[in-house]
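Below is one structure; the comments refer to it alone.
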2 protein chains.
Amino acid sequence: MQLHKRDVIDAATAILDNFGMADLTMRRLARELAVSPGALYWHFANKQELLGAVADRILQPALEPHVPPGWRDQIADGCHRLRDALLSHTDGAELVSASFAAGQSAAMTEIVTRLAAAAADAGVAGSDAELAARTVVYYVLGFTADEQSRLQWDAAGATLPDGQSVLTAEPSRRFAFGLTVLIEGLAAHGDSELLATARDDLTQRRLG
Amino acid sequence: MQLHKRDVIDAATAILDNFGMADLTMRRLARELAVSPGALYWHFANKQELLGAVADRILQPALEPHVPPGWRDQIADGCHRLRDALLSHTDGAELVSASFAAGQSAAMTEIVTRLAAAAADAGVAGSDAELAARTVVYYVLGFTADEQSRLQWDAAGATLPDGQSVLTAEPSRRFAFGLTVLIEGLAAHGDSELLATARDDLTQRRLG
DNA sequence: ACCTGAACACCGTTCAAGT
DNA sequence: ACCTGAACACCGTTCAAGT
């Protein structure tokens, strides 16, 4: 039976979920698929490209189109869905972070584009909108990688008697806090930017 | 001649600067020091611990005490010094990011503590101050790792005719932009928090 | 206390040769 | 077109034995 890209990504995702990133090696993956390591290099140029494909698979659920109106909810919603997608797979945040940094995730590019559009709606001027989007993404990836490593660390160790408040509720509240800080910052910046544009507009009209 | 921790960190930093993170391996480091690989494990428990020590060395210049008064300048200054330290070594941002995520950098812990104190001054309530500090740190690490990888990528390739505006001035402006968004967000949050505290205070006084 | 030598159990990637 | 076999050039870590 022929080996397809899909099978490879499926098997890679399974290894990730069951054993984590450290075990997601080309050789191990080949063994699981019962092919020689070299076979993988017919379908993927290198390991980075393969990891990028796994990242895109993980991010699929976060890619449904924006439902909410209003840039604040668009950013908040996008970020929550991103976090949820990352938390759905072992070491998800770490994997996606690495793929994003290596520029190997088309899904992350799409997410940044959407967040940039929302930032533009907030009043952030042209070229800064993508930067604003990246700033938000740095937060989500950093926070979630941190959260996930702690989560996985004491998933093996001490199971706290309270299985909810500290382990799931608190992180979500904390995540929302940082998100609010960013959104309020964008609102403040956007407002002053819109003011400046309006001022220039008036000046233009007076001179024209 | 006896091998000391200092010598190991020195040699590791030299490899990093001259060849980058991919070449910073235990075996290569041992070769450079003319010892066997096993010797390193007398001085460091594992590679992560050694990388943490290199991270702390890199961060040394960012650890001079806060000079400016006012929480805004304290955050802005701290972040600029952090970025400068990271950019002073090849793959500096990547190395410090990894060490921070692994909880192996005492210097990063110190930096977070200082930023948290500034956030508290901004009016961010107790336990959220550290989270605010981490949020800022996620931004600096994310932005700088990104900046540095692009910088190093086209340091080998196309040397743009303009050697200043896009390669150094623009990144600095862009870095400041994201920082302002975060600081304004903290200001907005801090103000509303202070208002709430004041309101509670009044209520207490009315009831008491 | 500090280090060597040698081993253990792996890596990612390439590429002639096969079908 | 797709894959095997085997090699190349490495890894991090451990640990008995030496000084």
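The chains referred to below are lettered A, B, ... by the order of the sequence lines, with proteins before strands, and numbering in each begins at 1. Not measured: the values here are computed from a predicted model. Values reported hereafter were calculated over all heavy atoms of this structure, with side chains retained and with hydrogens, waters and symmetry mates removed.
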Legend entry - Derivation of the ring-ring contact (aromatic ring centres under 6.0 Å, His included) call for B/Y139 and B/F175: CA-CA 9 Å; B/Y139 168 67; B/F175 181 69; 5.7 Å; yes
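Using the six-membered ring where Trp is involved, A/Y138 and A/F100 have ring planes that are tilted, between 30° and 60° apart.
If you check every strand for non-hydrogen atoms under 4.0 Å, B/S36 touches a base.
Looking at which nucleotide of DNA chain C each of A/A39 and A/R27 is closest to, the 5′-most match is held by A/R27.
Ranking D/dC2, C/dG12, C/dC3 by closeness to the A/K47 side chain, first place goes to C/dG12. Here D/dG12 is the nucleotide among C/dT13, D/dC2, D/dG12 with the atom lying nearest to any side-chain atom of B/T25.
Taking atom CD on A/Q48 and atom C1' on C/dT13, their separation rounds to 14 Å, with Å as the unit. Spacing between atom CZ of B/R28 and atom P of D/dA9 amounts to 16 Å, rounded to whole angstrom units. Per the geometry, CD belonging to B/E49 stands 15 Å off P belonging to D/dG12, to the nearest Å. Atom-to-atom, CG of A/D7 to C1' of D/dC3 comes out at 15 Å; the value is rounded to the nearest Å. A/Y41 places its OH atom 4 Å from the C1' atom of C/dG12, with the value rounded to the nearest Å.
Pairing for D/dG5 is with C/dC15, a Watson-Crick or G-U wobble pair whose two hydrogen-bonding atom distances lie under 3.5 Å. As the counterpart of C/dC10, no nucleotide is assigned, since no Watson-Crick or G-U wobble pattern has both distances under 3.5 Å.
For the atom pair CD (B/Q74) and CD1 (B/I183), the distance works out to 11.0 Å, reported to the nearest 0.5 Å. In this structure, A/Q60 CD and A/I58 CD1 are separated by 11.0 Å, a value rounded to the nearest 0.5 Å.
Between D/dA9 and C/dC10, the distance separating the two P atoms is 23 Å to the nearest Å.
In this structure, A/H43 reaches the D/dC3 phosphate: one of its side-chain N or O atoms is under 4.0 Å from OP1 or OP2. When the side-chain nitrogen and oxygen atoms of B/W42 are compared with OP1 and OP2 of C/dC3, none of them lie within a distance under 4.0 Å.
Residues A/D56 and A/Q104 have side chains that never bring a donor and an acceptor to within less than 3.5 angstrom of each other.
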